[in-house]
Amino acid sequence: MSSGAAHDRLEIMTNKTPIQLLKFFIYNESFGQNEGEEQKKLLFYYPAEIVLNNQIKDVGLCEALVKFASTFATEKPCESLHTQKARQLFFEAEKNFWLILVVSIPCTQRTKDGQEYFEYLEDDVHDSVYMAVLKQAYHMFRLFMGTFTDILERTSVDHLKVRLEHFFSRYLQTVPWERCDILDVFNGIQFLPLDKNMYLRTQCFLNQTEANFPQVKYTAFLYNDALVWSGLEQDDIRILFKYLTTSLFPSCLESEMQAVQTSPYSTRTATERPSTGHYGKFITGPPNLNDTSLGKIPRIFVNTQGTKTDECHLLVYRALSASICLMVEGSYQLNLDFCRAVDQFLGPQLTVLASDMGEQYSKRLSNSGDSMKYIYFNHMNLAEKSSVHADVSKRAASTAIPPEIVKLMSDVQADLIMTGNDCELIVKGPGDFWVVGKKSDQRELYFVSQKSVNLIEVHEEVKKLCANHFSNIFFLD
């Protein structure tokens, strides 16, 4: 590739505008059927500064597009609308309830024949990525608020609007719109590999916890932001895992760091045990068991796809790097005596278990050093693994490969899904990068190589990767 072309690409990457949220709104197409009542369809709109008449027009346009598209594909509704400056995604979350997401298309200013113009880079915005982000927004709302239908059955439309405003006005500010990528499509779970004895110890500990506290309906165990075990359905633990690793745990860590920096009395070293004899404490729940406050304990809604939704209190308890989530029956009135009993039971045992697990984790970590860059996802158990992202759970801005190569991986993934068959796809990217996508038996593997110069060498690199990291997984050659 010529140095001029490389310079042009670098200039585009450094000067282009970021992908931004333009609009997000929710409407119910069955509301406001009479003329002059169109505003009744609208349940939430962001940004709220847009005049009501324009909000109503946006809803009307979406309804028209959905109805028009349905004449050509009755089984598959309209999912996206492409324009020069924006990308619009459509998602019918529940019957008649539509979520609409509009993001900007990044652009860069160029010069041709002495005239300046804007070049819009529509290939930088992937439908599959931002559709996944849209669905995640709904699933996160459903986790904490319940389904739209359930809220309407229990309360009213006005109450639903209040809940939508309360949740989405905050949630939308937390989405890293520019950094959304192929990991959002997978929305997978990082599992912690343990030996048989340690895994059985963990499961036995959770069984004892549920036996001692019958108010606990479900449990989940995590170590270092990786899942060890969960009693929830896959769809529920998938979204709960995302909340824990991208919101609750990071905010808790940030609060602890600020407390250490600002408190002149924080002198205890990591090797000194607290007065309780263990390191356990509540992340959600009473901050001080000698106080009268229960603290903030969120309610969550799980099993929403089943015959009966379960509403639970979410108590999260941590010792060292191990966290246990206790989902307590929603009808049970939590109190300090219950929390003290939980602390006395969990604290000492979880401290020992976390310490032993940490030794095994450190050994495995020291043996896992590798320069290969790959992303793996298993559709059957939602297992996800990435050496591309510096921080998988919190999605730090830095990645081990250029952003344009990460976007190319999304292109390869979309092409593999379109084929519908198990296959392998190899793409020569810009510079010296090669991207390989393998799909086999509901598993997907994406590998990035910068060493290879031809297809034969790329294929050998992939075989080496599979032998080193996925020897117990069958991939078709």
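Both backbone and side-chain heavy atoms feed into the values below; hydrogens, waters and symmetry mates do not.
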A.B. asks: Report yes or no: do Thr147 and Arg142 form a side-chain donor-acceptor pair below 3.5 Å?
C.D. replies: no

A.B. asks: Above 12 or not: heavy atoms from other molecules or residues under 6.0 Å from CE of Met380?
C.D. replies: yes

A.B. asks: To the closest 0.5 Å, what do you measure between NZ (Lys16) and CD1 (Ile105)?
C.D. replies: 11.0 Å

A.B. asks: Assess the residue pair His278 and Leu350 against the criterion (side-chain contact (heavy atoms from CB on, under 4.5 Å)); give the C-alpha distance rounded to whole Å, side-chain angles, the decisive distance to 0.1 Å, and a yes or no.
C.D. replies: CA-CA 9 Å; His278 61 78; Leu350 187 59; over 6 Å; no

A.B. asks: For the pair Tyr279 (side chain) and Ser321 (backbone), establish whether a donor and an acceptor sit closer than 3.5 Å, ignoring hydrogens and angles.
C.D. replies: no

A.B. asks: Measure from the side-chain N and O atoms of Ser251 to the backbone N and O of Leu248, and report whether any donor-acceptor pair falls under 3.5 Å.
C.D. replies: yes

A.B. asks: Salt-bridged, Lys438 to Glu424, with N to O below 4.0 Å?
C.D. replies: yes

A.B. asks: Heavy atoms only: give me the nearest Ile237-Ala220 pair and the separation to one decimal.
C.D. replies: CD1-CB, 4.2 Å

A.B. asks: Is a side-chain donor-acceptor pair under 3.5 Å present for Asn303 with Tyr218?
C.D. replies: no

A.B. asks: Calculate, to the nearest 0.5 Å, the distance between atoms OH and CG belonging to Tyr46 and Leu101 respectively.
C.D. replies: 11.5 Å

A.B. asks: Can you see whether Gln136 engages Tyr171 through a side-chain donor-acceptor pair at a distance of less than 3.5 angstrom?
C.D. replies: no

A.B. asks: Over 60° means perpendicular and under 30° means parallel, so tell me whether Tyr243 and Phe144 are parallel, tilted or perpendicular.
C.D. replies: perpendicular

A.B. asks: Is Arg318 positioned over the aromatic face of Phe249, cation under 6.0 angstrom from the ring centre and no more than 45 degrees off axis?
C.D. replies: yes

A.B. asks: Just checking, any donor-acceptor pair under 3.5 angstrom between side chains of Thr83 and Gln88?
C.D. replies: no

A.B. asks: Does Leu192 form a side-chain contact (heavy atoms from CB on, under 4.5 Å) with Asn224? I'd like the steps, not just the answer.
C.D. replies: CA-CA 9 Å; Leu192 182 69; Asn224 262 7; 5.9 Å; no

A.B. asks: When rounded to the nearest 0.5 angstrom, what distance separates OH in Tyr446 from CD1 in Ile405?
C.D. replies: 15.5 Å

A.B. asks: Can a donor-acceptor pair be found between the side chains of His389 and Asp181 at a distance below 3.5 Å?
C.D. replies: yes

A.B. asks: Got a sec, which residues hit ring-ring contact (aromatic ring centres under 6.0 Å, His included) with Tyr120, two or more places apart in sequence or on another chain?
C.D. replies: none

A.B. asks: With ring centroids as reference points, do Tyr45 and Phe25 lie under 6.0 angstrom apart?
C.D. replies: yes

A.B. asks: Would you call Trp98 and Glu63 a side-chain contact if the rule is heavy atoms closer than 4.5 Å?
C.D. replies: no

A.B. asks: Is a donor on one side and an acceptor on the other found under 3.5 Å between the side chain of Thr284 and the backbone of Val316?
C.D. replies: yes

A.B. asks: Is a side-chain donor or acceptor of Ser70 paired with a backbone partner of Lys67 at a separation under 3.5 angstrom?
C.D. replies: yes

A.B. asks: Shortest non-hydrogen contact from Gln413 to Ser128?
C.D. replies: OE1-OG, 4.5 Å

A.B. asks: Run the side-chain contact (heavy atoms from CB on, under 4.5 Å) check on Leu314 and Leu240 step by step: do they pass?
C.D. replies: CA-CA 10 Å; Leu314 177 62; Leu240 178 61; 4.0 Å; yes

A.B. asks: Mind listing the closest non-hydrogen atom pair of Val129 and Asp184 along with its distance?
C.D. replies: O-CB, 4.4 Å

A.B. asks: Is a side-chain N or O of Arg238 found less than 3.5 angstrom from the main chain of Leu382, in a donor-acceptor match?
C.D. replies: no

A.B. asks: Which atom pair, heavy atoms only, marks the closest approach of Phe241 to Asp225?
C.D. replies: CZ-O, 3.4 Å

A.B. asks: Using atom types as modelled and distance alone, determine if a side-chain donor or acceptor of Glu384 lies under 3.5 Å from a backbone N or O of Phe186.
C.D. replies: no

A.B. asks: Are there over 12 heavy-atom neighbours, none belonging to His82, within less than 6.0 Å of that residue's NE2?
C.D. replies: yes

A.B. asks: Within a strict 4.5 Å, meaning less than it, do heavy atoms of the Lys385 and Phe191 side chains meet?
C.D. replies: no

A.B. asks: For Ala86 versus Leu22, what's the shortest heavy-atom pair and its separation?
C.D. replies: CB-CD1, 4.0 Å

A.B. asks: Please say whether more than 12 non-hydrogen atoms of neighbouring residues, nucleotides or ligands are located less than 6.0 Å from CD in Gln208.
C.D. replies: yes

A.B. asks: Locate the shortest heavy-atom distance separating Ile297 from His313; write the atom from each residue and the value.
C.D. replies: CG2-CB, 4.0 Å

A.B. asks: Ring-plane angle category for Phe168 and Phe44, please: parallel below 30°, perpendicular beyond 60°, tilted otherwise.
C.D. replies: tilted

A.B. asks: Side chains of His126 and Val185: closer than 4.5 Å at any heavy-atom pair?
C.D. replies: no

A.B. asks: Quick check against the 3.5 Å criterion: does Arg299 have a side-chain atom that pairs as donor or acceptor with the backbone of Glu311?
C.D. replies: no

A.B. asks: Is it true that Arg87 and Asp127 have a side-chain N and a carboxylate O under 4.0 angstrom from each other?
C.D. replies: yes

A.B. asks: Applying ring-ring contact (aromatic ring centres under 6.0 Å, His included), name anything that partners Phe282, two or more places apart in sequence or on another chain.
C.D. replies: Tyr317

A.B. asks: Can you list the residues that meet the ring-ring contact (aromatic ring centres under 6.0 Å, His included) rule with Phe205, with sequence neighbours excluded?
C.D. replies: none

A.B. asks: Whether the Glu461 and Ser449 side chains hold a donor-acceptor pair (N or O, under 3.5 Å, no angle test) is what I'd like checked.
C.D. replies: no

A.B. asks: Starting at CD1 of Ile239, measure out to CG of Leu143 and round the result to the nearest 0.5 Å.
C.D. replies: 6.5 Å

A.B. asks: Do Asp58 and Ile100 come within less than 4.5 Å of each other through their side chains, counting heavy atoms only?
C.D. replies: no

A.B. asks: CG/Leu416 to OG/Ser440 distance, rounded to the nearest 0.5 angstrom?
C.D. replies: 11.5 Å

A.B. asks: Heavy-atom distance under 4.5 Å between the side chains of Phe377 and Leu183, does that happen here?
C.D. replies: no

A.B. asks: Near Lys85 NZ, under 6.0 Å, is it more than 12 heavy atoms from other residues, nucleotides or ligands?
C.D. replies: no

A.B. asks: Nearest 0.5 Å, what's the CG-CG distance between Leu160 and Asp150?
C.D. replies: 11.0 Å

A.B. asks: In this structure, which one of Arg443, Lys439, Glu444 forms a side-chain hydrogen bond (donor to acceptor under 3.5 Å, both in side chains) with His379?
C.D. replies: Glu444

A.B. asks: Aromatic rings Phe148 and Tyr138: how do their planes relate, parallel, tilted or perpendicular, breaks at 30° and 60°?
C.D. replies: perpendicular

